[in-house]
Protein chains: 2
Amino acid sequence: MKNKEIQEQRIKGYFLQATKDLLKSEGLQSVNVRNIADRAGYSYATLYNYFKDINDLVFLCVYDFYGECEQHVREHTKRQERGIKRLRASIRAYVDFFVQYPGIFSLFFMENLGSFKDKGRATEIISFSLDKVCEEEWNYCVSKGILQVEQVELIKSQIRHATLGLLMLYINQRVSFPYTELINRLYLQTNAILESCSPGGGRDGGGVSVHNSLISIKVK
Amino acid sequence: MKNKEIQEQRIKGYFLQATKDLLKSEGLQSVNVRNIADRAGYSYATLYNYFKDINDLVFLCVYDFYGECEQHVREHTKRQERGIKRLRASIRAYVDFFVQYPGIFSLFFMENLGSFKDKGRATEIISFSLDKVCEEEWNYCVSKGILQVEQVELIKSQIRHATLGLLMLYINQRVSFPYTELINRLYLQTNAILESCSPGGGRDGGGVSVHNSLISIKVK
DNA sequence: TTATTTTATGAACAATGTTCAGTATTTTTA
DNA sequence: TAAAAATACTGAACATTGTTCATAAAATAA
């Protein structure tokens, strides 16, 4: 009884890994039952013994990919000074992750979820992925009084939507500027959002001091 | 020589109209050569005498749809008071247009443009569509001193990206809130962006007075 | 070992994009 | 007007992809 379970999970894992590899290396347009099964070392028909349909399989990748995204952000920001600087670096690392794997962006934000079993959990992870990968830093900024707790939810959603909108235009090639320009615009808009909420009441009088740090930004 | 041209354009028009009708009524997933040709009254093979491929045909719709979007916004905002109020109403009307026709949103922002002939012009129209439908109002606000000319480009891009990000999440069902909540969040974020740029130097001291008008907002 | 259950598979079907050779229609020419 | 030529239209056919199903292969139980 238990062995059966283990073996089934193992084979599901082969298909899952094949799908993830394919999506990352060839993009979403190469993800189809025959290619997946080839990589997994099975016939395409076997896939249907383990997954309801290809949609089910593909959206299962979301959980793993979110984890990879989280780790990518952590590794690329750990040497940054805590606070606004690391927050900004986290947002950039998040963007970089999807620029590196446009197929994952399509999967996360554009692909029709169809009848995926737990749509709810997946969409929750997806839509708050940026918030989540920045969570520690949001908390840090609030705890240090860099950001005000009443404002932080609005700021989060501003940054979430502005970042995703910009990313969508870039990844789907609705804009033609190069990567460096993407990052410049990302910083500009991130700073504008953070700036608008500097505590203390007066313009430029708060503790965020986004402008100063802006000067030293250099795109990779 | 001239008649041939006219006739060819006429038949292209039948296919184009069929595609537009189909996209608006059934969505992008029903847009295929056989359905289009059925509606146009021709065989699916005939389509290839007039268009390179289906992608070419579908992206030709962008120009017409942009015009419809523009008109939709104009008609739904003409009774609004000029300035920030009409600006906000324009943004909402823009969002409403895509909520009504999600297939057009997919076409504009998500579909792979492939080898579409003038990618350049189409993507320009697409990515600046929100800016364009609000152009008169942006100009009005600047001319009346409601917004400062140096800030307006940054504000435009903030609103553009934040609006598209929110719309993407909503239309692709990555969030589960109802339409009324979408509009609430749209207003909240629009106001936050506009507020951050009130002229005069001090918080709440500028001429935008977004807060006051926020009170009277009622979602349809 | 033999019977039964489980697992894996290719054949086959449906939907869609595309090409092409042949048919129908229109236009040109004699 | 009638034959010839050019043009327009079409279904058959092929490729790709998702899915189902009968059956072969393998594992398990008797």
Side-chain angles (χ1 to χ4, degrees), chain A residues 1-19 21-23 25-61 103 106-107 110-117, chain B residues 1-19 21-23 25-61 103 106-107 110-117:
Chain A
M1 282 297 120
K2 198 64 179 298
N3 283 347
K4 179 144 300 177
E5 190 81 3
I6 291 171
Q7 288 162 20
E8 185 176 323
Q9 284 309 119
R10 195 135 51 199
I11 294 180
K12 278 191 169 191
Y14 300 147
F15 282 110
L16 206 58
Q17 190 59 48
T19 308
D21 290 348
L22 205 49
L23 186 55
S25 61
E26 314 262 331
L28 202 53
Q29 76 285 353
S30 293
V31 173
N32 61 62
V33 279
R34 284 164 179 85
N35 284 345
I36 292 170
D38 274 357
R39 288 210 180 212
Y42 287 94
S43 158
Y44 54 86
T46 307
L47 191 150
Y48 290 91
N49 295 332
Y50 295 92
F51 302 93
K52 193 175 121 283
D53 54 31
I54 196 182
N55 227 36
D56 239 58
L57 172 51
V58 168
F59 276 106
L60 275 180
C61 298
S106 303
L107 173 61
M110 285 161 17
E111 193 73 352
N112 187 341
L113 279 135
S115 60
F116 182 56
K117 357 177 175 147
Chain B
M1 283 297 121
K2 198 61 178 301
N3 283 346
K4 179 144 299 175
E5 190 80 4
I6 290 172
Q7 287 163 22
E8 185 176 323
Q9 284 308 118
R10 193 133 54 197
I11 294 180
K12 278 191 168 191
Y14 300 147
F15 281 108
L16 206 59
Q17 191 59 49
T19 307
D21 289 348
L22 205 49
L23 185 56
S25 61
E26 314 262 329
L28 202 53
Q29 75 285 354
S30 293
V31 172
N32 62 61
V33 280
R34 283 163 178 85
N35 284 344
I36 292 170
D38 274 358
R39 287 210 181 212
Y42 288 93
S43 158
Y44 54 85
T46 306
L47 192 151
Y48 290 91
N49 294 333
Y50 294 91
F51 302 93
K52 193 176 122 284
D53 54 31
I54 196 182
N55 227 36
D56 238 60
L57 173 51
V58 168
F59 275 106
L60 274 180
C61 298
S106 303
L107 173 62
M110 286 162 14
E111 194 73 353
N112 187 340
L113 279 134
S115 60
F116 181 58
K117 359 180 175 141

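Quick note: numbers below take in every heavy atom, side chains included, and nothing from hydrogens, waters or symmetry partners. Since this is a predicted model, take the numbers as computed values, not measurements. Order of the sequence lines sets the chain letters (A, B, ...), proteins ahead of strands, with each chain counted from 1.
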Rounded to the nearest angstrom, tell me the gap between atom CG in B:L47 and atom P in C:dC20. 16 Å
Mind checking what makes side chain to side chain donor-acceptor pair (under 3.5 Å) contact with A:D56, not counting sequence neighbours? A:K117
What integer distance in Å separates B:K52:NZ from C:dT18:C1'? 12 Å
Among residues at least two apart in sequence or on other chains, which ones pass side chain to side chain donor-acceptor pair (under 3.5 Å) with B:D38? none
For A:T19 and A:C61, work out which heavy atoms get closest and say how close. CG2-SG, 3.7 Å
Rounding to an integer number of Å, can you tell me how far A:E5 CD sits from C:dT6 P? 14 Å
Heavy-atom side-chain proximity of B:E111 to B:L28 below 4.5 angstrom: yes
Polar atom pairs (N or O), protein with nucleotides 10-12 of chain C, under 3.5 Å:
residue, atom, partner, partner atom, Å
C:dA11, N7, A:Y44, OH, 3.1
C:dA11, N6, A:Y44, OH, 3.3

What pair of heavy atoms forms the shortest contact from B:A18 to B:A40, and how long is it? CB-N, 3.9 Å
How would you label the contact of A:N32 with the nucleic acid (heavy atoms, under 4.0 Å): base, sugar-phosphate, or nothing? sugar-phosphate
From the options D:dT20, C:dT19, D:dC9, select the nucleotide whose nearest atom is closest to the side chain of A:Y48. D:dT20
Nearest whole angstrom, please: distance from the C1' of D:dG18 to the CG of A:L57. 13 Å
Quick one: label B:Y50 by what it contacts on the DNA or RNA (base, sugar-phosphate, nothing), any heavy atom closer than 4.0 Å. sugar-phosphate
Using atom names, set out every protein N or O paired with an N or O of nucleotides 25-27 of chain D below 3.5 Å, distance rounded to 0.1 Å.
none

Nearest whole angstrom, please: distance from the P of D:dC9 to the CZ of B:R10. 13 Å
B:E26 CD to C:dA15 P: how many Å, rounded? 15 Å
Selected nucleotide, minimal atom distance to A:N49 side chain, candidates C:dA8, D:dC9, C:dG17: C:dA8
Would A:S115 and A:D53 count as a side-chain contact (heavy atoms from CB on, under 4.5 Å) if you check the C-alpha gap in whole Å, the side-chain angles of each, and the deciding distance to 0.1 Å? CA-CA 10 Å; A:S115 60; A:D53 54 31; 4.3 Å; yes
Min side-chain heavy-atom separation B:N32-B:Y44 under 4.5 Å: no
A:N55 has an atom CG; how far is it from atom C1' of D:dT17, in whole Å? 14 Å
Rounding to an integer number of Å, can you tell me how far B:Q7 CD sits from C:dT25 P? 16 Å
Relative to the ring of B:Y14, is the ring of B:Y42 parallel (under 30°), tilted (30 to 60°) or perpendicular (over 60°)? parallel
What's A:I36 touching, base or sugar-phosphate or nothing? Going by heavy atoms closer than 4.0 Å. nothing
Rounded distance (nearest 0.5 Å) linking atom CG of B:L22 with atom CZ of B:R39: 5.0 Å
Once you build an axis from the first five pairs and another from the last five of the helix from C:dT1-D:dA30 to C:dA30-D:dT1, how far apart in angle are they, to 10 degrees? 30°
With sequence neighbours left out, write down each residue that passes side chain to side chain donor-acceptor pair (under 3.5 Å) with A:N49, or none if nothing qualifies. none
Considering all heavy atoms of both residues, which atom of A:F116 and which atom of A:N55 are nearest to each other, and what is their separation? CD1-O, 4.4 Å
What's the shortest heavy-atom distance between A:N112 and A:G114, and which atoms? OD1-N, 2.8 Å
